[in-house]
Asks: 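This is the structure I want to talk about, given as structure tokens.
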Amino acid sequence: MPKESINKHGGVELYRKKSKQEKLKIIPLGGLEQIGMNITAFEYKEDIIVVDCGLAFPEDEMLGIDLVIPDISYLKDNAAKVRGIVLTHGHEDHIGSLPYVLKELNVPIFGTRLTIGLVENKLKEHNLLKTTTRTAVKFGQNIDLGKFFKVEYIRNNHSIPDAASLAIKTPVGTIFHTGDFKIDYTPIYGEVCDLQRYAEIGREGVLLLLADSTNAER
């Protein structure tokens with residue numbers, strides 16, 4: 001079984017018992033234990049991928065503040081390792097910080113068709129459309145990021161169409177990231193979430209489940 005430890009950045013390190021050098025680091029840069037500003041880095045050897053890049057709205061005591069964006073100092077310090085930003089859906093708390101982050105870290109963006117469309121509106125507003133590589137991903141498609149990460153997009157249901165769960169495949173095992181979700185058998189738009197693929201991935205074996213949805217326990 002993989003072991004885990006907490007690293008100095010507040011993230012989790014997962015590794016196989018036989019080779020403690022083969023660590024997968026999971027570093028939440030925002031969104032953990034809070035509403036909004038969802039962004040998590042996954043690092044294995046010389047590769048880093050980032051899931052989501054959201055903003056948060058200011059609390060009452062944050063006078064004069066319009067938006068709250070994540071601290072990406074760790075990503076800037078390791079910019080040569082970052083292979084891309086993978087988006088689960090198009091809500092502001094998952095894509096809102098992209099224009100600000102991309103000015104500091106110009107990396108490829110991946111998402112479903114609607115999500116990429118929403119991102120492109122932001123990039124156009126900030127004059128980043130021509131300098132940013134965007135890729136629209138279909139459900140069931142796998143994308144390779146660097147040497148060590150492969151990400152599969154899986155159809156999900158949420159209050160916005162084209163939401164996805166992610167199966168992040170790494171040398172130490174599969175991380176399943178639900179994205180924001182609800183089990184909805186009668187969605188207003190689009191198809192139901194791909195529960196069959198969820199089950200298949202479960203049978204294949206999941207190293208870690210990251211569930212990201214407000215009030216999902218209800």
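Each residue takes its place number in the sequence, starting with 1. What you see is a predicted model; the values in this text were computed from it and never measured.
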Asks: Could you state the interatomic distance from CD1 (I26) to OG1 (T170), rounded to the nearest 0.5 Å?
Replies: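 OG1 of T170 is found 8.0 Å from CD1 of I26.
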
Asks: What closest approach, in Å, do L29 and A41 show between heavy atoms, and which atom pair accounts for it?
Replies: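 Closest approach of L29 to A41, heavy atoms only: CD1-CB, 4.4 Å.
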
Asks: Heavy atoms, side chains only, cut-off 4.5 Å: are I49 and F148 in contact?
Replies: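 The answer is no; the side chains never approach within 4.5 Å.
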
Asks: Grab the two heavy atoms, one from T174 and one from G205, that are nearest each other, plus how far apart they are.
Replies: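 Between these two residues, the closest heavy atoms are CB-O, 3.8 Å.
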
Asks: Compare every heavy atom of K122 with every heavy atom of G96, then report the nearest pair and how far apart it is.
Replies: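 Residues G96 and K122, closest heavy atoms: CA-CE, 4.1 Å.
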
Asks: Please confirm whether the backbone N or O of D93 pairs with a side-chain atom of N38, one donor and one acceptor, at under 3.5 Å?
Replies: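 Side chain of N38 to backbone of D93: a pair is present.
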
Asks: Check whether any side-chain heavy atom of D47 sits under 4.5 Å from a side-chain heavy atom of L145, and report yes or no.
Replies: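 A side-chain contact is absent here, since even the closest heavy-atom pair is not under 4.5 Å.
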
Asks: Any idea which heavy atoms bring E152 and I201 closest together, and the distance?
Replies: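 Shortest heavy-atom contact: OE1-CD1, 4.4 Å.
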
Asks: Applying side-chain contact (heavy atoms from CB on, under 4.5 Å), run through L102 and H126 and close with a yes or a no.
Replies: CA-CA 10 Å; L102 289 171; H126 289 261; over 6 Å; no

Asks: To the nearest 0.5 Å, tell me how far L55 CG sits from Y100 OH.
Replies: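 The CG atom of L55 sits 7.5 Å away from the OH atom of Y100.
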
Asks: Is there a side-chain contact between I183 and C193 in this structure, where contact means two heavy atoms from C-beta onward sitting under 4.5 Å apart?
Replies: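 Yes. Closest side-chain heavy atoms under 4.5 Å.
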
Asks: Once you measure the plane-to-plane angle for H94 and H89, does it fall in the parallel (<30°), tilted (30-60°) or perpendicular (>60°) bin?
Replies: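 The arrangement is tilted - the two ring planes meet at 30° to 60°.
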
Asks: Quick one: closest heavy-atom pair of E46 and R83, and the distance?
Replies: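 It is O-NH2, 2.8 Å.
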
Asks: When you measure from the side chain of N157 to the backbone N and O of Y185, does any donor-acceptor pair fall under 3.5 Å?
Replies: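 No; zero donor-acceptor contacts below 3.5 Å.
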
Asks: Does the pair E200/R197 count as a salt bridge with the N-to-O cut at 4.0 Å?
Replies: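 Here E200 pairs with R197 in a salt bridge, since their nearest N and O are under 4.0 Å apart.
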
Asks: Answer yes or no: does atom NZ of K103 have more than 12 heavy-atom neighbours from other residues, nucleotides or ligands under 6.0 Å?
Replies: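 Count over threshold, so yes.
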
Asks: Do side-chain atoms of S165 reach the backbone of T178 as a donor and acceptor pair under 3.5 angstrom?
Replies: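 Flag set: sc S165 to bb T178 pair under 3.5 Å.
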
Asks: In terms of side-chain heavy atoms, does T88 have a donor or acceptor partner in D52 at a distance below 3.5 Å?
Replies: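 The answer is yes; a qualifying pair exists.
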
Asks: Quick check for you: to the nearest 0.5 Å, what is the distance between E120 atom CD and I109 atom CD1?
Replies: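 Result: 11.0 Å between the selected atoms.
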
Asks: Start with the C-alpha distance between H91 and H158, add both sets of side-chain angles, then the distance that settles side-chain contact (heavy atoms from CB on, under 4.5 Å), and finish with yes or no.
Replies: CA-CA 10 Å; H91 276 155; H158 187 34; 3.3 Å; yes

Asks: Hey, any chance L195 and V192 share a hydrophobic cluster, counting ILVMFWY side chains that come within less than 4.5 Å of each other, even indirectly?
Replies: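 No, separate clusters.
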
Asks: Just list the side-chain donor-acceptor pairs under 3.5 Å for residues 135-144, sequence neighbours left out, or say none.
Replies:
unit_1, atom_1, unit_2, atom_2, d
Q141, OE1, K138, N, 3.0
N142, OD1, K169, NZ, 3.0

Asks: Working to the nearest 0.5 Å, report the span between CG of L208 and CG of L24.
Replies: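 Taking CG in L208 and CG in L24, the distance rounds to 8.5 Å.
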
Asks: Could you tell me if the side chain of Y153 sits less than 4.5 Å from the side chain of V86, heavy atoms only?
Replies: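 Yes, side chains in contact.
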
Asks: Going from CD1 on I160 to OH on Y189, what distance comes out if it is rounded to the nearest 0.5 angstrom?
Replies: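 Taking CD1 in I160 and OH in Y189, the distance rounds to 11.5 Å.
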
Asks: Closest heavy-atom contact between P70 and S97?
Replies: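 Where P70 meets S97 most closely, the heavy atoms are CD-OG, 3.2 Å.
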
Asks: Do I69 and V101 come close enough that some side-chain heavy atom pair is under 4.5 Å?
Replies: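 When only atoms from C-beta onward are counted, V101 and I69 do not touch, as no gap falls below 4.5 Å.
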
Asks: So does R155 get a backbone contact from the side chain of D194, meaning a donor-acceptor N/O pair under 3.5 Å?
Replies: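 Not confirmed, D194 side chain does not pair with R155 backbone.
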
Asks: Flag the pair L98 / L128 as yes when at least one side-chain heavy-atom distance between them is below 4.5 Å, and no otherwise.
Replies: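 No, every pair of side-chain atoms sits at 4.5 Å or beyond.
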
Asks: How many angstroms lie between CG in L105 and CD1 in I48, if you round to the nearest 0.5 Å?
Replies: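 That separation rounds to 9.0 Å.
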
